Amino acid sequence: MTTDWIALEKKLYMGSRRQPIVIVRGEGTRVWDEHGREYLDFTAGWAVNSLGHCHPAVVKAIQEQAATLTQTSNQFYTIPQLKLAELLVKHTGLDRIFFGNSGAEANEGAVKLARKYGKQHRNGAYEVISANNSFHGRTLAMVAATGNPHYQESFVPMPEGFLQVPFNDIEAIKLATTPKTCAVLLEPVQGEGGVNIPSQDYLRQVRQWCDQQGLLLILDEVQTGMGRLGTLFGFQAFGVKPDVLTLAKGLGGGVPIGAFLAQERCAVLVPGDHGTTLGGNPLICAAALAASSWLIEHNVPDHARRMGERLMNGLKAVQRRFPKEIKDVRGMGLLQAVETHRELSSAIVSASNAEALLLNPTRPTIVRFMPPLTVTEQEVDTALVRFERAFAKAVAA
Ligand SMILES: *Cc1c(COP(=O)(O)O)cnc(C)c1O
């Protein structure tokens, strides 16, 4: 007997929006649906499966750790968590770390840290400046930090202490800074907001301003971190060092994890300030350690940069063939987007589903490409052919 999973979902869930595909298996850049149909996955679990689906190093680490020790609570020391902490501290150049379960949680922790820092070092300052079109997660405080009124409307009143300014505008940050400000929270490249890339000196100017004013610079690299932009961390591509860095998505290679790291001078959290039951448990950290070590040892960010150039060249060629429809092609590394003049995203993604290419319609006019960082040249080329066919269909419909 076959089950109609899509009908079952419609009956059981609230607030979900999915493509009509039931994915049952994945390997590398490919996934298979319940009917055995194969797709190229250029969504990668929303920039999570950086080594692709079921990478052997990650599978092995999960299997071994599952049979050894999965959860202890943070009342005790565990070795996978400490090894992962050591790796991340070393490669970020930051000093201290805290593990949670998700990106939103990582950002929450970072904001708690910033508020405590403001109390101690800036006369009780607590306000966090973030950017329009940003995305920082779905908890109440992170919805307040997220610069998208649509995500806030149904849930007002918002927690206090957050305000947004235009992205890529240093003067706007300067104007919004008051004695109440404790931190600036930014994505180096805005992901969910449509792959918005700031000018090369923006983050350096923000860094300078934060130093002058005694504000913390929190970089949300939940999406851009762990190689997505073609460097291990996005901040390296922009020549700045944050005070606080948040990571999640790609860090676990497919398992739920988040982390925030801080420089010593602002690592103000003490025992009792913050905590988590499952955050950084041995199972998750073993997987994240395997994924992160493999990614670093095999120089995957550099591969991502090269594959990103190939994808970008291909998308620009499509743009040249559809100059009236495609407004912009942009991206860094393997975080890229095609922006159209008309609201074509849904139509493009439906058509690309039919062409066996999975994409993400992040805005009505913006389709996002974020394949595994291990994607091959041939897979990029195949995806481009499928995308162009899907695009032509969507435009003609
Ligand atoms: C996805 C995302 C988040 C939220 O992460 P969750 O794991 O869904 O809580 C936060 N910030 C950025 C930049 C993201 O892309």
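Just so it is clear, the model here is predicted, and its values are computed rather than measured. The basis for the numbers below is simple: all heavy atoms, side chains too, and nothing from hydrogens, waters or symmetry mates. Counting convention: from 1, in listed order, for ligands and their atoms alike.
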| task | Return yes or no for this condition: an N or O of E187 is under 3.5 Å from an N or O of ligand 1. | result | no
| message | With the threshold set strictly below 4.0 angstrom, can you tell me whether any protein non-hydrogen atom sits that near atom 8 (O) of ligand 1? | response | no
| query | Mind checking whether Y202 and F167 have ring centres under 6.0 Å apart? | reply | yes
| field | Residues N281 and Q81: side-chain donor-acceptor under 3.5 angstrom | value | no
| query | Does any donor atom in the side chain of K324 or H341 lie under 3.5 Å from an acceptor atom in the other side chain? | reply | no
| query | Between H136 and ligand 1, which residue portion shows a heavy-atom distance shorter than 4.0 Å: side chain, backbone, both, or neither? | reply | backbone
| request: Report the part of A248 (side chain from C-beta onward, or backbone N, CA, C, O) that has a heavy atom under 4.0 Å from ligand 1; answer both or neither where that applies. | output: neither
| remark: ligand 1 to S102, heavy atom cutoff 4.0 Å, flagged ligand atoms 7 (O), 9 (O)
| request: May I ask you to check whether F135 has an N/O atom sitting below 3.5 Å from an N/O atom of ligand 1? | output: yes
| query | Do any N/O atoms on Q223 end up under 3.5 angstrom from N/O atoms on ligand 1? | reply | yes
| field | atom 5 (O) of ligand 1 [closest protein heavy-atom partner, distance rounded to 0.1 Å] | value | G103 CA, 3.3 Å
| message | Tell me the contacting part of K249 for ligand 1: side chain, backbone, both, or neither, using a 4.0 Å heavy-atom threshold, strictly below. | response | side chain
| Do the ring centers of F369 and F387 come within less than 6.0 Å of each other? | yes
| note | When rounded to the nearest 0.5 Å, the distance separating CD1 of I348 from CD of E343 is 11.5 Å
| Does NZ or CZ of R37 fall inside the cone over Y39's six-membered ring, less than 6.0 Å from its centre and within 45° of the axis? | yes
| query | Which one holds for N107 and ligand 1: side chain close, backbone close, both close, or neither close, with close meaning a heavy atom under 4.0 Å? | reply | side chain
| task | For ring-ring contact (aromatic ring centres under 6.0 Å, His included), just list the numbers for F260 and F99, CA-CA rounded to whole Å, side-chain angles, deciding distance to a tenth of an Å, and then say yes or no. | result | CA-CA 7 Å; F260 63 97; F99 289 107; 9.5 Å; no
| field | Heteroatom proximity flag, V222 to ligand 1, N/O under 3.5 Å | value | no
| Nearest neighbour in protein (non-hydrogen) for atom 11 (N) of ligand 1 | D220 OD2, 2.7 Å
| said: Please determine whether side chain to side chain contact (heavy atoms under 4.5 Å, CB included) holds for the pair D211 and Q208, giving the CA-CA distance in whole Å, both sets of side-chain angles, and the decisive distance to 0.1 Å. | reply: CA-CA 5 Å; D211 288 340; Q208 236 174 27; 5.7 Å; no
| request: Report, in ascending order of atom number, the atoms of ligand 1 lying under 4.0 Å from any heavy atom of A104. | output: 4 (C), 5 (O), 6 (P), 9 (O)
| query | For the side-chain contact (heavy atoms from CB on, under 4.5 Å) test, which of Q336, E377, K316, E379 pairs with L311? | reply | Q336
| message | Check this for me - ligand 1, G137, N or O atoms closer than 3.5 angstrom, yes or no? | response | no
